[in-house]
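Let me begin by presenting the structure, written as structure tokens, before commenting on it.
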Amino acid sequence: MNELRQVFRYKQLAGEIEHKILNETYKPGEKLLSIRKLHKQSNLSISTVYKTYMELETMGLIEARPKSGYFVNPIALKQLKAPVFKKKPPTPRKVNLSSMINSVVSAINNPKFLPFGNSSMDADLLPSKHFSRILKEISHKDMKSMISYSLSEGDLELRRQLTLRTLGILEGITPEDIIITNGCTEAVALALLAITKPGDTIAIETPTNFSFLQLLKELGVLVMEVPTDPRYGVDIDELEKILHQNRIKTCLFMPNFHNPLGTIMSNDNKRKLCRLLHQYEIPVIEDDISTELYFEEQRPMPLKAFDERDLVLTCSSFSKTLAPGLRIGWIIPGMRFKEKIQRLKGGITISTSTLNQYLITQFLTSGAYERHLRSLRTALKKQAIRTTLAVKEFFPPDTRLAVPKGGSFLWIQLNPNVDGVKLYRKALDHNISIIPGVVCSNSRLFKNYIQISFGAPFTSRIEQGIKTLGTLISEYYN
Ligand SMILES: Cc1ncc(COP(=O)(O)O)c(C=O)c1O
């Protein structure tokens, strides 16, 4: 109990100092109180204050100077402006995939490259040992049911566990409201198949997750790109104009920790968005895959929490938090679309892997998930801060970046002279993979933008990778 209280206190104090550094209450390079003085001032033990400073040091916010004490890292106070919001009058268009996509996808999956293009977490941050233990404990008798088909809507215990996780977030959800899928991608695909047919128009955010563009192309639909602000999310006024002038069949949005922007929409905006879609009776597919990766106190609310007309279809998975390769996701489709989605699921894939559902269910029932999420969030937050600090240090001063409040991506706007695609190719020559911004739009926007992931522990190799990127970018200034 005492140990728990100490952890709580040092995290609270570290959070307070972090906030004061980031809101510039401290001056660059300012000396912090010595451990002894802060111990006296705060009434906290020497070891709590020491741990606080260690925590801030690992985050790169302060630095220890031998025999002098602790100082605010001047780079931490260097402010970068948020990326500029690109507005372009949208028109419905066929999906015209960037020729870069195949190359970007194969670089992401190539272990030779530094993984700045990778949307998954580093495997060291995921509980592989725990899964291996669960596998070893499966008896021959149990294995007989593991190699049989599961129900097409998914394992009941898994759906029950997911239902319990909606407590206080979504009212009245039961296991019958959830369908298990092969990852979030299948959940989104089933929702699109249930709502649209080829030739229909769908509103998407711009920029967007480039794998959505791949999926939408295969479905033969047209897309209307709605400008999306790195600070507030999808532009609701612009969407209203679009809905007024066009026949939009559905919207595909990421209100929480948008990929690639990292943006989280406020509850007020989520409410406003739902009201607008209710007014036009338009269903919206929300991808909520990164919702558990929040750095602040509370898990963000899904759009579905503001849905009074059964129009929101929520899709998610364990790919960001537990195991992308197990391909376990789910959809909460609501009553309007449930039957159709269940038929589509049965008709297309019959069911989801029984063994993989079992592994995830066992993990959830063991009670280890909350603990794992806490440590994953702490690790990601540190990685986000360290990566942002490295960008501030090594990228040119006119770089724009919005520090995310969760997720695992940074969306970076570079000088207009920088060509993200050429930079991507040069980076590959240095064994670094990044995502050029153009692949995140259907109209070749975001030429001078890149997306980088902070899903891997911040090591000297990662730091060197950011430094190399900074040098490559600087070459455009000569
Ligand atoms: C926003 C978003 N949605 C969906 C996916 C794919 O999810 P899954 O692996 O569960 O299919 C990703 C993958 O990174 C993603 O970033």
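Everything numeric here is computed off the predicted structure, so don't read it as measured data. Count residues from 1 along the sequence. Whatever order the structure lists them in is the order used to number ligands and atoms, beginning at 1.
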Looking at Glu18 and Leu61, would you say the former's side chain and the latter's main chain have a donor-acceptor pair under 3.5 Å? no
For residues Ser150 and Gln357, is any side-chain donor paired with an opposing acceptor at under 3.5 Å? yes
Give every donor-acceptor pair under 3.5 Å between a side-chain atom in residues 458-468 and any protein atom, sequence neighbours left out.
from: Thr459; atom 1: OG1; to: Arg461; atom 2: N; distance (Å): 3.4
from: Thr459; atom 1: OG1; to: Ile462; atom 2: N; distance (Å): 3.2
from: Thr468; atom 1: OG1; to: Gln464; atom 2: O; distance (Å): 2.9

Between Val226 and Ala203 the two heavy atoms that sit nearest each other are CG2-CB, 4.0 Å
Which protein N or O atoms sit under 3.5 Å from any N or O of ligand 1? Give each pair with its distance.
from: ligand 1; atom 1: 3 (N); to: Asp287; atom 2: OD2; distance (Å): 2.5
from: ligand 1; atom 1: 9 (O); to: Ser319; atom 2: OG; distance (Å): 2.9
from: ligand 1; atom 1: 9 (O); to: Arg327; atom 2: NH1; distance (Å): 2.8
from: ligand 1; atom 1: 10 (O); to: Cys184; atom 2: N; distance (Å): 2.7
from: ligand 1; atom 1: 10 (O); to: Ser317; atom 2: OG; distance (Å): 2.7
from: ligand 1; atom 1: 10 (O); to: Ser319; atom 2: OG; distance (Å): 2.7
from: ligand 1; atom 1: 11 (O); to: Cys184; atom 2: N; distance (Å): 3.2
from: ligand 1; atom 1: 11 (O); to: Thr185; atom 2: N; distance (Å): 2.9
from: ligand 1; atom 1: 11 (O); to: Thr185; atom 2: OG1; distance (Å): 2.6
from: ligand 1; atom 1: 11 (O); to: Arg327; atom 2: NH2; distance (Å): 2.8
from: ligand 1; atom 1: 14 (O); to: Ser119; atom 2: OG; distance (Å): 2.8
from: ligand 1; atom 1: 14 (O); to: Lys320; atom 2: NZ; distance (Å): 2.9
from: ligand 1; atom 1: 16 (O); to: Asn259; atom 2: ND2; distance (Å): 2.9
from: ligand 1; atom 1: 16 (O); to: Lys320; atom 2: NZ; distance (Å): 2.9

Answer yes or no: is there a donor N or O on one side and an acceptor on the other, between the side chain of Asp310 and the main chain of Met335, under 3.5 Å? yes
Pair Asn259, Gln451: side-chain N/O donor-acceptor within cut-off below 3.5 Å: yes
